[in-house]
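Input: a single structure, listed below in structure tokens.
Fair warning: this is a prediction, and the values are worked out from it, not measured in the lab. Computed from heavy atoms alone, side chains included, the values below leave out hydrogens, waters and symmetry copies. Proteins come first, then strands; the chains are lettered A, B, ... in the order of their sequence lines, and each starts at number 1.
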Number of protein chains: 2
Amino acid sequence: MKRFVEVEQLLRAKGVRLTDQRRLVVRRAVAYLHFTAEELVRDVKGFDPSVARGTIYRTLALLHQAGVVEKHDFRYGPPNYEVTFAKAHHDHLMCVQCGEIIEFQEPRVETLQQAVVKRYGYQLLSHTHKLYGLCRTCQHVDRKRVSLPPTLHVEEVVA
Amino acid sequence: MKRFVEVEQLLRAKGVRLTDQRRLVVRRAVAYLHFTAEELVRDVKGFDPSVARGTIYRTLALLHQAGVVEKHDFRYGPPNYEVTFAKAHHDHLMCVQCGEIIEFQEPRVETLQQAVVKRYGYQLLSHTHKLYGLCRTCQHVDRKRVSLPPTLHVEEVVA
DNA sequence: TACCTAATTGAGACTCAGTCTCAACTATTG
DNA sequence: CAATAGTTGAGACTGAGTCTCAATTAGGTA
Ligand SMILES: [Zn+2]
Ligand SMILES: [Zn+2]
Ligand SMILES: [Zn+2]
Ligand SMILES: [Zn+2]
């Protein structure tokens, strides 16, 4: 079964009213791995320019609430969305030069996270874990030519 | 020696021109643990209203480039800055209910990060690692009364 | 099927955080 | 102290996202 059909079923089960606009937004979103809200706006408007920007943002929020999409901040530009519905948990590794994103799993980190929150008496609800670096290709090109904007400087410098 | 004197020395060593405005911004920034750009603007203007917003943002960018401050995204509101100059590396744990931020160290996670990037042939430059949960106190209050806005919903749900 | 009603939509005004521009000013060098 | 390259203040501007509200529509009900 197509992925968007499952999402629509989930929404219906949650009592969410389905409209043509929402169906289109869902169909376009599942076509991507990672996308920004404005990218989705342009994409959806390419299929139906009459769909308002506000509707697309509202639908995205709806999908977020329904647990269908997650919001990522990769420190460069606006947040990135990902349809994680029926997808195993993973963290991300990004090349700061070319922007390539790799999804990885490392259960031992997740175990340590539990140990950390226990140390402080917290109850863990969620986490973000993102690694930034240079992919094999970009390690061999002139480091001077940085293609990503200056805000993408290191947040936490690795010693 | 006062912390801001060391920062000023570092800037001078980097050939950065010191002005009264920049000195004030540095002195106010080191007074905080974590702060947003607009908080710093209000604070600095409290001491000298003639300092322009643009100057404060420019100085913040300068300090960022010089490795004096780091930028954090805690998924709620605008980014958070932290003067990490001469401070040991740490990650963050935040209570999604009351906003408390705890700084923690977990070297075993950093080791695993190296293993992950090696797996993909990457060269690690930096990372973000943030845990979100409920502090001891907030675990015992009515979960219905959520004080943080809806955008602070989970990004990566822990299984 | 037709109707009803609450939910949703489109359009555009609006907000907020941050950036840019440029003439006036100033820290540093010699 | 003069020269000059870097910095500043003020405000216009931008991008991304939110809000408002009259018009439209989904989905339940008769
Ligand atoms: Zn994870
Ligand atoms: Zn992903
Ligand atoms: Zn760390
Ligand atoms: Zn910190």
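Qualifying side-chain contact (heavy atoms from CB on, under 4.5 Å) partners for A:R136, counting only residues two or more places apart in sequence or in other chains: none. By the side-chain contact (heavy atoms from CB on, under 4.5 Å) test, A:L11 is found to be paired with A:V7, A:V16, A:L18, A:V26, A:L63, A:A66, residues two or more places apart in sequence or in another chain being considered. Listed by chain and number, the residues in a side-chain hydrogen bond (donor to acceptor under 3.5 Å, both in side chains) with B:E8 are B:R27 (sequence neighbours excluded). In this structure B:Y32 satisfies the ring pair (Phe, Tyr, Trp, His ring centres under 6.0 Å) test together with B:F35, sequence neighbours excluded.
When the P atom of C:dA27 is taken as reference, atom CD of B:E8 falls 14 Å away, rounded to whole Å. The separation between A:Q65 atom CD and C:dT8 atom P is 11 Å, rounded to whole Å. Rounded to a whole Å, the CG atom of B:L11 is 16 Å from the C1' atom of C:dT28. Separating the CZ atom of A:R12 from the C1' atom of D:dA26 is a distance of 10 Å, rounded to the nearest angstrom.
Between B:Y120 and A:F104, the ring planes lie tilted relative to each other; the angle falls in the 30° to 60° range. Using a 30° and 60° split on the angle between ring planes, A:H129 and B:H129 fall in the tilted class, from 30° to 60°.
DNA chain C is contacted by A:S50, A:V51, A:A52, A:T55, A:R58 of residues 45-62 of chain A, taking any non-hydrogen atom closer than 4.0 Å. Near DNA chain D, meaning a heavy atom under 4.0 Å from it, residues 17-30 of chain B has B:R17, B:T19, B:Q21, B:R22 in order of number.
Sparse packing is recorded around NZ of B:K118, with 12 or fewer heavy atoms of other residues, nucleotides or ligands lying under 6.0 Å away.
Of the N and O atoms on the side chains of B:Q105 and B:H90, not one donor lies less than 3.5 Å from an acceptor on the other residue.
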